[in-house]
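Residue numbers begin at 1 in each chain, while the letters A, B, ... track the order of the sequences. Everything quoted here is computed from the prediction, not taken from an experiment.
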Amino acid sequence: MQSSPSLHSIAVCFPMPLNGYTSSTVQINLRRLSQLNHLKAFTCFAQNSFGASFNSISLTEASQSFTSLIQLCTEEKSSIDVGKIQTHMIKSGFYLNIGNKLMDAYVKCGRVKDARQVFDELPNKHIVTWNSMISSYTSLKRSKEAIGLYERMVLEGVLPDEYTFSRVFKAFSDLGIVLEGRRAHGLSVVLGLEVLNVFVGSALVDMYAKFGKLRDARLVMDRFVKKDVVLFTALIVGYNQHGEEGEVLQVFGKMINEGIKANEYTTASILISCGNLKDPRKGKLVHGLAIKSGFESAVASQTSLLTIQMIRISIIPNSFSLSTALQACSKLAKLEEGRQIHGIATKLNLDTDKYVSVALIDMYGKCGNTEMARSVFDALIEFDVVSVNSMIYSYAKNGFACEALELFNTMKDLVLEPNDVTFLNVLLACNNAGLVEEGCRIFASIHGAVDMAERVVNRALELAPEDERTYALLSKHCASSGNWNQFIEVKSAMKEMKLKKISAMNSVDIKKDVHTSKAEYWSHQKCEKISEMLVELIEKVKKYGFYS
DNA sequence: ATAGGGTTAG
């Protein structure tokens, strides 16, 4: 055996015969002491010893040492070493006993193909083996393969258990396969696994919610006797993502009533709902409740998170809570609070986080502070389409058309592919600055934009024929493509159906008070003064030739 | 031996 100095010293200080117990203990200790070189050397030494003396150690010992070796390789993500161990296992006849662990090691090293090969070679697969393989596919979002395995196991007469179902529902929801998802739900009911296990339940609720079938999601949850916070949160998230703020609050209230405390997952969703409600008072109430129920037992820290109403929460915020809090700030026009959250984000080194930074750029952009938006943008280490789009939007919204176009042109140098939002923002920039030619040129460069708009509108009419937004979209499209006859048709159809576009609302933060105004609806106590001022402003703008 | 819910641009 070729011996390095450390290998040699280990061999010398280790006179007793190596077995599974001793080897795993030594390995774990070396690891704990961060003696990685020694660990490597010892592992090599142990492998060589095992290779020579397999016959003399018991089955349990060998399994244990293999298990611990596999575990080490997994932690180090060293698939090459997993391969070496596999060879040893096959040689010594231990392959089948702990094949599942080996499979798992391959998965964790990112070698799914090898894992699958081990899986296929294992005869008489245990339910856990099936579940692990399915799980490795779902965790990599390879949902088709996960479902394929699920279907195969059912065909082979292996009954799925609660672990299988909780993952398989996820795969169905990922792919949006409603019918098959329902069928699997049916099987779980027949097998008596549906309402007994919250893991199955939350996966089911999540699946139906992602299908947009909130009623089914609700029915599943209502059937549970012993609910937990995850089950509730899955439903809350579902309602939240479908814009059902009222239901969010209702389910949230139910959760509190049943004595279940919210956690940061729940609060993230509640915060977004509060923002979407556009009702600072109600938002404040619910937010306060969320905090009270969720965080009174939370770990104390020096940092405080300032949100919708500067409420202090004694937990360390992460990128999730910061970005949701910022989202709420920008929707409720809470610039001051947004600034303070920015400060906290900087302190925590989270201001360059993918999600937090976009929320910051968006917040500053919406509040008219393009400079701050840009400084957040400039501090980014990596750009992606979303961050660039947000910056373009900030420019566009605040009238900096040249800067918006310049950034748009730089996207090519950054090897970033513009998407629909990019074009929308760039066109918005042209629109705001009256750059008609530039706008037309860019619009013409988008592949079949007018045709696509028509297809989209028709599809929207199929999917949501009674949604006033669909008609608003359609009428806008007709107008923009110059199809005035159809425009009149759409408008009269809207009249007949008594559909009216929901008025836009605008909020602004002045000296920590949020003032809200609505198109064609004057309710502000100083509305007379405001309209006087408006007339004045319009006169001024006319003088400069900017008003037609 | 295996497991669940959250954050980005208009």
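Atom CG of A:N389 and atom P of B:dA9 are 11 Å apart (whole Å). Spacing between atom CG of A:D362 and atom P of B:dG10 amounts to 4 Å, rounded to whole angstrom units. Rounded to an integer number of Å, the gap from A:I392 CD1 to B:dA9 P is 15 Å. Distance, A:L149 CG to B:dT2 P: 19 Å, rounded to whole Å. In this structure, CZ of A:F320 is placed 10 Å from P of B:dT8, rounded to the nearest angstrom. Atom CG in A:L350 sits roughly 16 Å away from atom P in B:dT8 (whole-Å rounding). Between A:L348 atom CG and B:dT7 atom P there is a gap of 20 Å when expressed in whole angstrom units. For the pair A:M363 CE and B:dT7 C1', the interatomic distance rounds to 15 Å; values are reported in whole Å.
Checked against the 6.0 Å centroid threshold, A:W130 and A:Y150 do not count as a close aromatic pair.
With a 4.5 Å cut-off on side-chain heavy atoms, A:D362 and A:K366 count as touching. Proximity of A:E180 to A:I147: side-chain heavy atoms (C-beta onward) are nowhere separated by under 4.5 Å.
For DNA chain B, the residues of residues 157-173 of chain A within the heavy-atom distance limit of 4.0 Å (strictly under) are A:E162, A:Y163, A:S166, A:R167, A:K170, sorted by number.
By the salt bridge (charged side-chain N to carboxylate O under 4.0 Å, His left out) test, A:E145 is found to be paired with A:R142, residues two or more places apart in sequence or in another chain being considered.
Evaluation of atom-type donor-acceptor distances gives a pair under 3.5 Å for the side chain of A:N197 against the base of B:dA3. Remark: the A:N263 side chain and the B:dG5 base include a donor-acceptor N/O pair separated by less than 3.5 Å. Counting atom types as modelled, A:S323 pairs a side-chain N or O with a base atom of B:dT7 as donor and acceptor under 3.5 Å. If you check distances only, the side chain of A:N240 never reaches the base of B:dG6 with a donor-acceptor pair under 3.5 Å.
Of the residues listed (A:Y208, A:F165, A:F172), the one engaging A:H185 in a ring pair (Phe, Tyr, Trp, His ring centres under 6.0 Å) is A:Y208, and it is the only one.
The stretch residues 350-392 of chain A participates, sequence neighbours left out, in these ring-ring contact (aromatic ring centres under 6.0 Å, His included) pairs: A:H342-A:Y364, A:F377-A:F383.
Using a 4.0 Å heavy-atom distance criterion, A:S390 is classed as a sugar-phosphate-only contact. Among the heavy atoms of the strands lying under 4.0 Å from A:Y393 are primed sugar atoms or P, OP1, OP2 only; no base atom is included.
Between A:D114 and A:R111 there is a salt bridge, since at least one side-chain N of the basic residue sits less than 4.0 Å from a carboxylate O of the acidic one.
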